[in-house]
Engineer: 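Structure incoming, see below.
Whatever order the structure lists ligands and atoms in, that order sets their numbers, starting from 1.
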Amino acid sequence: MSRLSTEHLLGIKYITENDIHTLLDTAASFKEVINRPIKKVPSLRDVTVANVFFENSTRTRLSFELAEKRLSADVVNFSASGSSVSKGETLTDTVNNILAMKVDMVVMRHQNPGACVFLANELKKYPKSAHARVVNAGDGTHEHPTQALLDAFSIRNHFGRIEGLNVLIVGDIMHSRVALSNIYCLQKLGANVKLCGPATLIPRHIETLGVEVEYDLHKALQWCDVANVLRIQLERQDIKYFPSLREYAMQYGINREVLNRLDKQITIMHPGPINRGVELDGDIADSEHSIILEQVENGVAVRMAVLYCLASVKE
Ligand code: CP
């Protein structure tokens with residue numbers, strides 16, 4: 001069975017290059033499995049996984065649930081709305097109560113950065129919960145490790161390699177957990193990473209992570225092989241970072257005219273959900289340039305790999 005160097009997946013920052021290769025190679029095997037007429041394998045039979053979502057999700061939640069079911073795990077789903085969280089129960093109590101029902105793995109999305117790291121540390125204090133594995137399904141503006149893994153997997157599938165590729169991340173870098181996880185993941189795999197967006201949406205000192213920043217969209221797109229386009233995260237913006245969505249779209253929106261000005265073809269990615277007509281025009285999202293739905297398809301195989309590899313981590 002595959003082995004990782006870690007018992008939880010809390011962020012790409014905390015795993016090794018070797019772990020990433022193990023996960024991507026395992027995902028390749030599972031991609032083959034889920035394209036068979038019988039898509040289910042017994043790998044996680046008798047393993048129970050709780051999907052604990054304190055924040056909205058479409059892709060990640062469905063993708064994890066499908067991954068768990070394809071691996072024959074038992075699955076329970078928890079949403080903060082309608083739960084006892086509204087009565088004042090703490091995160092640790094909520095999860096310890098779920099784990100007391102003999103749950104083995106917790107896949108958690110939470111609005112607070114660091115919530116998954118906090119939870120993994122807390123669970124160690126409780127002997128009845130210390131066995132549990134924690135998987136970060138997105139924690140505030142911190143990390144979204146499975147998104148970065150499925151992005152890397154999709155790039156590798158499309159180009160046949162990751163090392164040496166020029167990958168541009170465009171948009172609201174400041175409020176994006178996808179950006180940070182992608183930076184860590186792509187750099188560990190040897191890609192060159194550049195960021196582009198309005199200065200107000202680029203965190204100060206981000207260059208210390210080894211990335212370059214280009215504020216001119218045309219120059220940035222001209223440089224890259226693949227552009228990963230990010231959504232403007234209005235729900236995380238407490239002040240105005242640019243005058244209007246229309247102005248943002250005019251400066252940083254990717255549309256047919258912007259791509260026609262390039263003297264090469266580039267590949268377009270987006271983690272979803274897309275704000276069509278803001279960061280990306282609908283006809284480009286649906287065009288031959290885009291691998292957006294391949295990303296979604298690959299997400300199931302990548303999440304199967306994460307669950308499988310963590311379930312078989314060396315004690
Ligand atoms: N990409 C992503 O995390 O999408 P959801 O918020 O729908 O899960």
Side-chain angles (χ1 to χ4, degrees), residues 9-13 23 27 49-70 75 77-81 105-116 134-155 157-158 167-186 197 226-237 254 267-276 278-280 282 284-286 290-307:
L9 180 63
L10 304 175
I12 302 292
K13 185 176 179 179
L23 288 166
V49 187
N51 299 313
V52 177
F53 277 65
F54 290 89
E55 205 190 56
N56 296 341
S57 168
T58 300
R59 278 145 291 270
T60 310
R61 186 177 185 145
L62 284 177
S63 181
F64 265 113
E65 190 171 342
L66 268 176
E68 291 148 8
K69 288 180 170 167
R70 301 273 191 252
V75 181
N77 289 307
F78 166 94
S79 296
S81 61
M105 304 181 87
V106 175
V107 174
M108 185 169 83
R109 171 167 286 194
H110 200 280
Q111 62 279 9
N112 291 346
C116 296
V134 178
V135 181
N136 183 354
D139 59 335
T141 54
H142 177 223
E143 280 225 36
H144 193 348
T146 56
Q147 181 69 47
L149 290 166
L150 76 87
D151 290 346
F153 184 83
S154 303
I155 293 172
N157 264 12
H158 190 74
V167 182
L168 181 70
I169 306 176
V170 194
D172 183 357
I173 311 295
M174 173 91 86
H175 301 97
S176 172
R177 53 194 172 212
V178 174
L180 193 58
S181 288
N182 261 273
I183 291 169
Y184 289 134
C185 190
L186 292 166
V226 49
N228 198 351
V229 186
L230 304 182
R231 182 172 66 88
I232 295 294
Q233 315 226 359
L234 290 173
E235 75 278 17
R236 298 208 178 100
Q237 298 182 9
I254 295 183
T267 298
I268 300 291
M269 300 173 66
H270 194 302
I274 303 171
N275 285 321
R276 287 175 180 248
V278 181
E279 71 271 6
L280 187 61
I284 301 301
D286 303 330
S290 156
I291 58 166
I292 293 170
L293 290 181
E294 285 168 49
Q295 290 172 260
V296 178
E297 182 189 334
N298 292 333
V300 177
V302 165
R303 289 175 174 123
M304 286 172 81
V306 167
L307 295 162

Engineer: If you take all heavy atoms of Ser181 and Pro145, which pair is closest and at what distance?
Structural biologist: OG-N, 3.6 Å

Engineer: Under 4.0 Å from a heavy atom of Thr58: give me the atoms of ligand 1 that qualify, with their elements.
Structural biologist: 5 (P), 7 (O), 8 (O)

Engineer: Could you tell me whether some N/O pair between Pro273 and ligand 1 is separated by less than 3.5 angstrom?
Structural biologist: no

Engineer: Taking side chain to side chain donor-acceptor pair (under 3.5 Å) as the test, write out the residues that go with Arg70, two or more places apart.
Structural biologist: none

Engineer: Taking atom 3 (O) of ligand 1 as the point of reference, which of His270, His144, Glu55, Gln295 owns the nearest heavy atom?
Structural biologist: His144

Engineer: So which heavy atom on Met269 is nearest to which on Ser154, and how close?
Structural biologist: CE-CB, 4.3 Å

Engineer: Looking only at distances, please establish whether an N/O atom of ligand 1 is found under 3.5 Å from an N/O atom of Arg61.
Structural biologist: no

Engineer: Between Asn77 and Glu65, is there a side-chain donor-acceptor contact under 3.5 Å, judged purely by atom types and distance?
Structural biologist: yes

Engineer: Give me the residue, atom name and distance of the protein heavy atom closest to atom 1 (N) of ligand 1.
Structural biologist: Pro271 O, 2.8 Å

Engineer: If we count only N and O atoms by modelled type, under 3.5 Å, do the side chains of Arg109 and His144 hold a donor and an acceptor together?
Structural biologist: yes

Engineer: Nearest 0.5 Å, what's the CG-CD1 distance between Leu150 and Ile155?
Structural biologist: 10.0 Å

Engineer: Would you say Arg109 contacts ligand 1, with heavy atoms under 4.0 Å as the rule?
Structural biologist: yes

Engineer: Go through ligand 1 atom by atom and flag the ones less than 4.0 Å from a non-hydrogen atom of Thr60.
Structural biologist: 2 (C), 3 (O), 4 (O), 5 (P), 8 (O)

Engineer: Just to confirm my output: which protein heavy-atom neighbour is closest to atom 4 (O) of ligand 1, and how far is it?
Structural biologist: Arg59 NE, 3.1 Å

Engineer: Is there at least one pair of N or O atoms, one from Arg177 and one from ligand 1, spaced under 3.5 Å apart?
Structural biologist: no

Engineer: Considering all heavy atoms of both residues, which atom of Ile12 and which atom of Glu143 are nearest to each other, and what is their separation?
Structural biologist: N-OE1, 2.7 Å

Engineer: Quick one: which ligand 1 atoms are inside 4.0 Å of a heavy atom on Gly272?
Structural biologist: 1 (N), 2 (C), 4 (O)

